[in-house]
Amino acid sequence: MSHGLTTPPRPTSSADGLNPAQRDAVITMRGPLLVLAGAGTGKTRVITMRMAELIRQGVPPERILSVTFTNKAAKEMQERTQAILGRRMKTRPAISTFHAYCVRVLRDEIEALGYPSQFVIYDRGDQESAARKALRDIKVPDAALRPGDLLSQISRWKTAGVAPDEASQFIDDDRGYLAAAGYRRYQASLRAAGSVDFDDLLMLTLRLFDEFPEVLERQQNRFEHVQIDEYQDTNELQFRIVAELVRPHRNLCVVGDDDQSIYGWRGAEIKHILGFQQQFPGAKVVRLQDNYRCTTQIIDVANKLVKCNRGRHEKTLIAHKSGSDVLFKPYPDEQAEAEGVVRDINYLVTQLNIPPADIAILFRTNEQPRIFETELRRLRVPYTLIGGQSFFDRREVRDILAYMKVLSNPQDEVSLLRIINVPTRGIGDAAMDKLLNEAVKSGRTIWSVAPELVATKTISAKTYGSVQRFHALLESWRPRFAEKGAMLVDLFRQFLKEIDYDSEIEKQYADQQQQVARKAVVEECLSAVKEYQSRSLRPSLGGFLEETALTGKDDSFGENPELERPAVKLMTLHSAKGLEFPRVYLVGLEEGILPHQRSIDGGTTEGIEEERRLAYVGATRARDFLTISWAQVRLKWGKMKPTIPSRFLAEMQPEE
DNA sequence: AAGGAGGGTTTTTTT
DNA sequence: AACCCTCCTT
């Protein structure tokens, strides 16, 4: 049987769902291979199988690099491989996200680029603060260019490999001019703090590869095989890193589904999966179209929907089990929608004994779950909100992480700015403004310009005293945290006591219950540190921060992983990628929400097509039951506004 | 400098 | 409706 474009597979008796030719290609092939795997065709299983087979054939595990999209997926793959191979695996395959892989390379090699090896990774919140500060430093008012917009422009530039100095060549209007200036300032301040953002991790790795052949060679020699999951979501930088890595042997296996590409806004380029055969001539292509997850009814609806997209590899999923019809439910308003959905769920859980964990509510934006949460709480249905901003965006968590960052890195001005007056210690906005202006102007730290400003009476002696005291406090604690074998949790608890962080909470929240809840959040942070310390070989504040930046919510915080809790799952369509549930409620199918207003306003077909793929991803998360709902009236900024049913509804049920 | 009242704005998804 | 910013008072 020939390789190349294989025909849709007939289901075979083999449990892996591959026909012999595919099996052959997937498992034994070297050289470039593209596995086009539709939703629910078991692509993770295929990639794991391949890895296990390579190891069986004698490839040392550590010579295989598997790149996944999330840390959660990495962990899962690690476990599956372990389960297949058990004791035969003496070493472990390198399984990680792109970013985690880059961090490992950079920790060893980044000094060549003039960065400290102990660089700090800025998470999304830090990036926003840094962008805000950059705009402040160059005196751009918020109205002219929002920090969020600056960030996405910076990200686009970085992904395209445009350095700060070059950015002005790529602008066509005043906003672009401001953005270019903002980019220069932003990057300079990260540089000065020895910090990197997510894009830097990729960009700097690529720069190392480009400028230091011996570094590239070391990495190339490390791996004999590279495989990438969710290939449809790779951006330009990731693509180029991979291309460099596999250049000597071309043993690259990528798995993905162009119909599930939902990160275009983050720079993901469908062209990489669509053009794989041009990029890697001679590549074999295997299509997996047998869906083992959903019912015929669900697949039918999903197929109809995604067929409306133009730029895609043609394929049609084939379902293998029948179930009940997909339900389409209009509700008078959003309140009724939440009540209706939760009433259904409550019935399933209490009357039919369906495990709550079998049920998911999926939505487009993070403002949607609120009302569902309220209903779930009212009926006492256990639920968890996945992702979103729940934990990490809480003020206390951000404060605490900022303190840790400042303690582990004196240069981190962005974090310092957040906490220098939290709790209030007499360093007000006016004084900070002057300190920062002088610091920016002379390119020094606020600590070193403070004496001059007090001498010229720019700041008051009282303020100066507070600044000095705080500086001394940080300096006295820093070495204690840096000590070898320091008990991080205990130290940090003492530290919080000394700065009297509790007083901040008490001041901020009048309500007793709120205070208790917020203090519990602080405790949660501390237990995360404790947990990290007990598991880590050489624990340090920096190590903890790196982990939280990279893995975020899944691992380092929270007792048991959110996803495994016996509760109804609430999450955005983006977070639902890669998951499946017996029962799914896809809510808010309205113009302006799905497709999102911003994509509609963008006016491009690609924008709408990505929204359509998002709906497609949502629908195909459901194994057996899918309910799609929308509200006919929705509360927007305190006002009821009639809605227009999503265009996707008509596409999913064409005869109506 | 700090806290509180009043007014204006709200535009997505996340490694 | 909720949040953030600004201005005002202490």
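Atom set for the values below is all heavy atoms of this structure, side chains included, hydrogens, waters and symmetry mates excluded. Per chain, numbering begins at 1; letters A, B, ... match sequence-line order.
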Interatomic distance where [atom1] belongs to [X] and [atom2] belongs to [N] [whole Å]:
X        : N      : atom1 : atom2 : result
A/Leu594 : B/dT13 : CG    : P     : 13 Å
A/Leu385 : B/dT13 : CG    : C1'   : 14 Å
A/Ile228 : B/dT15 : CD1   : P     : 18 Å
A/Asp126 : B/dT14 : CG    : P     : 17 Å
A/Ile593 : B/dT13 : CD1   : P     : 12 Å
A/Gln368 : B/dT13 : CD    : P     : 9 Å
A/Glu367 : B/dT13 : CD    : C1'   : 13 Å
A/Glu546 : B/dT15 : CD    : P     : 16 Å

Would you say the ring centroid of [X] lies under 6.0 angstrom from that of [Y]?
X        : Y        : value
A/Tyr331 : A/Trp630 : no
A/Phe69  : A/Tyr263 : yes
A/Trp265 : A/His596 : no

Is A/Ser575 near enough to B/dT13 that one of its side-chain N or O atoms lies under 4.0 angstrom from OP1 or OP2?
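Checking B/dT13 against A/Ser575, no side-chain N or O comes under 4.0 Å of OP1 or OP2.
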Measuring to OP1 and OP2 of B/dT13, would you say a side-chain N or O of A/Asn366 lies under 4.0 angstrom away?
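Checking A/Asn366 against B/dT13: at least one side-chain N or O falls below 4.0 Å of OP1 or OP2.
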So which heavy atom on A/Glu375 is nearest to which on A/Val342, and how close?
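Nearest pair, atom of A/Glu375 first, then A/Val342: CB-CG2, 3.5 Å.
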Salt-bridge contact A/Lys72-A/Glu76 (side-chain N to carboxylate O under 4.0 Å):
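No salt bridge links A/Lys72 with A/Glu76.
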Do NZ/NE/NH1/NH2 and the carboxylate oxygens of A/Asp257 and A/Lys43 come within less than 4.0 Å?
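Result for this pair is no, no salt bridge flagged.
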A/Tyr263 stacking on B/dT14: centroids under 5.5 Å, ring planes under 30°?
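No; centroid distance or tilt outside limits.
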Is a side-chain donor-acceptor pair under 3.5 Å present for A/Asp137 with A/Tyr186?
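Per modelled atom types, A/Tyr186 and A/Asp137 side chains form no pair under 3.5 Å.
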Which listed nucleotide ([options]) is nearest to the side chain of [X]?
X        : options               : result
A/Thr424 : B/dA1, B/dG3, B/dT15  : B/dG3
A/His99  : B/dT14, B/dA2, B/dT15 : B/dT15
A/Lys507 : B/dT15, B/dT14, B/dG3 : B/dG3

Can you pull every protein N or O that's under 3.5 Å from an N or O on nucleotides 6-11 of chain B?
{"unit_1": "B/dT10", "atom_1": "OP1", "unit_2": "A/Arg146", "atom_2": "NH1", "d": "3.2"}
{"unit_1": "B/dT10", "atom_1": "O2", "unit_2": "A/Trp637", "atom_2": "NE1", "d": "3.4"}

Over all strands shown, is A/Ala100 touching base, sugar-phosphate only, or nothing at heavy-atom distances under 4.0 angstrom?
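No contact.
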Of A/Ala430 and A/Gln238, the one whose closest DNA chain B nucleotide lies more 5':
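On the 5' side of the pair lies A/Ala430.
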When the nearest nucleotide of DNA chain B is assigned to A/Phe69 and to A/Ser460 on a heavy-atom basis, which residue is associated with the more 5' position?
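The residue whose closest nucleotide sits nearer the 5' end is A/Ser460.
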In whole Å, measure the gap between the P atoms of B/dT13 and C/dC4 for me.
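Straight-line distance between the two P atoms is 15 Å.
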Knowing that exactly one of A/Thr205, A/Asp200, A/Val196 qualifies, which makes a side-chain contact (heavy atoms from CB on, under 4.5 Å) with A/Leu106?
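Answer to the side-chain contact (heavy atoms from CB on, under 4.5 Å) test with A/Leu106 among A/Thr205, A/Asp200, A/Val196: A/Thr205.
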